[in-house]
Amino acid sequence: MTAKVSFDEVEVGTELPAGAFPVTRATLVQYAGASGDFNPIHWNEKFAREVGLPDVIAHGMFTMAEAARVVTDWVGDPGALVEYGVRFTKPVVVPNDDKGALIQVTGKVAAKLDDRRVRVDLTATSDGQKVLGMSRAVVQLV
């Protein structure tokens, strides 16, 4: 695949299409199976509360990956994502109901770099709380 976004057509301040990603307890079980991360804070409500959490929480790496989808969906090629980093600021609390939680992500081109790359700054929230800080991606454009 090749990125579908042209470096020449992107300006600092360009907003990426926002993303909204639902997370249920079933999602967490599926992710645990795929990642091998079966920490009980991600599936056992009693354990999560005993260690001081408000409820079961989503895996940090899952949250990080969902946020990155805004960038890879925009650019059209997951391989165009060449750098990515975040700070985990708040957990995504996933209640045991039919709705679960929602991770909402926005992104904006923050800088044009050398070699036809751009830096995208992301904002990820859940339940009105910022869940990722310093969320930045560098993307190779065409």
Side-chain angles (χ1 to χ4, degrees), residues 1-45 47-49 51-142:
M1 295 178 78
T2 303
K4 296 179 173 119
V5 177
S6 169
F7 180 83
D8 298 327
E9 295 173 3
V10 172
E11 299 297 329
V12 170
T14 299
E15 293 188 18
L16 282 61
F21 308 101
V23 187
T24 64
R25 295 282 178 94
T27 309
L28 298 182
V29 171
Q30 291 168 335
Y31 182 81
S35 69
D37 182 353
F38 291 100
N39 186 323
I41 63 172
H42 303 303
W43 57 269
N44 184 318
E45 185 174 329
F47 183 86
R49 290 182 189 276
V51 298
L53 295 168
D55 206 333
V56 165
I57 63 170
H59 303 73
M61 296 301 282
F62 172 82
T63 304
M64 188 178 176
E66 291 293 75
R69 287 177 54 189
V70 167
V71 177
T72 59
D73 287 353
W74 170 67
V75 76
D77 177 9
L81 180 63
V82 295
E83 289 181 36
Y84 182 47
V86 306
R87 288 189 183 161
F88 301 106
T89 57
K90 298 273 185 193
V92 175
V93 178
V94 183
N96 191 18
D97 60 17
D98 293 336
K99 294 182 348 182
L102 187 66
I103 300 169
Q104 296 175 296
V105 183
T106 59
K108 185 183 294 188
V109 174
K112 292 183 87 170
L113 309 171
D114 294 335
D115 299 326
R116 305 186 71 80
R117 294 180 176 194
V118 297
R119 189 187 89 217
V120 176
D121 291 352
L122 298 167
T123 301
T125 61
S126 181
D127 199 26
Q129 302 247 357
K130 193 172 182 181
V131 296
L132 299 176
M134 298 294 290
S135 184
R136 295 178 172 171
V138 174
V139 186
Q140 181 70 56
L141 301 181
V142 292

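Keep in mind the model is a prediction, meaning the values are calculated, not measured.
By the 4.5 Å heavy-atom criterion applied to side chains, Val109 and Leu16 are counted as neighbours. When side chains are defined from C-beta on, Arg116 counts as touching Asp8, because their heavy atoms get closer than 4.5 Å. Put simply, the side chain of Trp74 reaches to within 4.5 Å of the side chain of Val10, judged on heavy atoms. Residues Leu113 and Arg119 are in side-chain contact: their nearest non-hydrogen atoms beyond the backbone lie under 4.5 Å apart. Using a 4.5 Å cut-off on side-chain heavy atoms (C-beta onward), Val23 and Ile103 make contact.
In terms of heavy atoms, Val131 sits closest to Pro91 at CG1-O, 4.0 Å. Ala58 and Thr63 make their closest contact through CB-OG1, 3.9 Å (heavy atoms, listed as atom of the first residue, atom of the second, distance). Across Glu45 and Asn96, no two heavy atoms sit closer than the pair OE1-CB, 4.1 Å. Closest non-hydrogen pair, Gly107 versus Leu122, comes out as CA-CD2, 3.7 Å. In this structure, Gly19 and Val70 approach most closely via the heavy-atom pair N-CG2, 3.8 Å. Between Phe88 and Gly60 the shortest heavy-atom distance is CE2-O, 3.1 Å.
Remark: Val93 pairs with Pro54, Asp55, Ile57 by the side chain to side chain contact (heavy atoms under 4.5 Å, CB included) rule, at least two apart or across chains.
Judged as a ring pair (Phe, Tyr, Trp, His ring centres under 6.0 Å), the pairs with a partner in residues 10-41 (not counting sequence neighbours) are, in order, Tyr31-His59, Tyr31-Phe62.
The OG1 atom of Thr123 lies 8.5 Å from the NZ atom of Lys108; values are rounded to the nearest 0.5 Å. In this structure, the separation between CZ on Arg136 and CG on Asp121 is 5.0 Å, given to the nearest 0.5 Å. Note: Phe47 CZ to Asn39 CG = 6.5 Å, rounded to the nearest 0.5 Å. Rounded to the nearest 0.5 angstrom, Arg49 CZ and Asn44 CG are separated by 11.0 Å. Residue Ile41 holds its CD1 atom at 5.5 Å from CG of Leu53, rounded to the nearest 0.5 Å. Separating the CG atom in Leu132 from the CE atom in Met64 is a distance of 8.0 Å, to the nearest 0.5 Å.
Side-chain atoms of Thr89 come within 3.5 Å of backbone atoms of Lys130 as a donor-acceptor pair (strictly under, hydrogens ignored). Proximity of a side-chain donor or acceptor of Lys112 to a complementary backbone N or O of Phe7 within less than 3.5 Å is detected. Judged purely by atom type and a 3.5 angstrom limit, Gln104 has no side-chain atom pairing as donor or acceptor with the backbone of Ala18. At least one donor-acceptor pair closer than 3.5 Å links the side chain of Asp97 to the backbone N or O of Lys99.
When Thr27, Val94, Leu102 are each tested for a side-chain contact (heavy atoms from CB on, under 4.5 Å) with Pro22, only one passes: Leu102.
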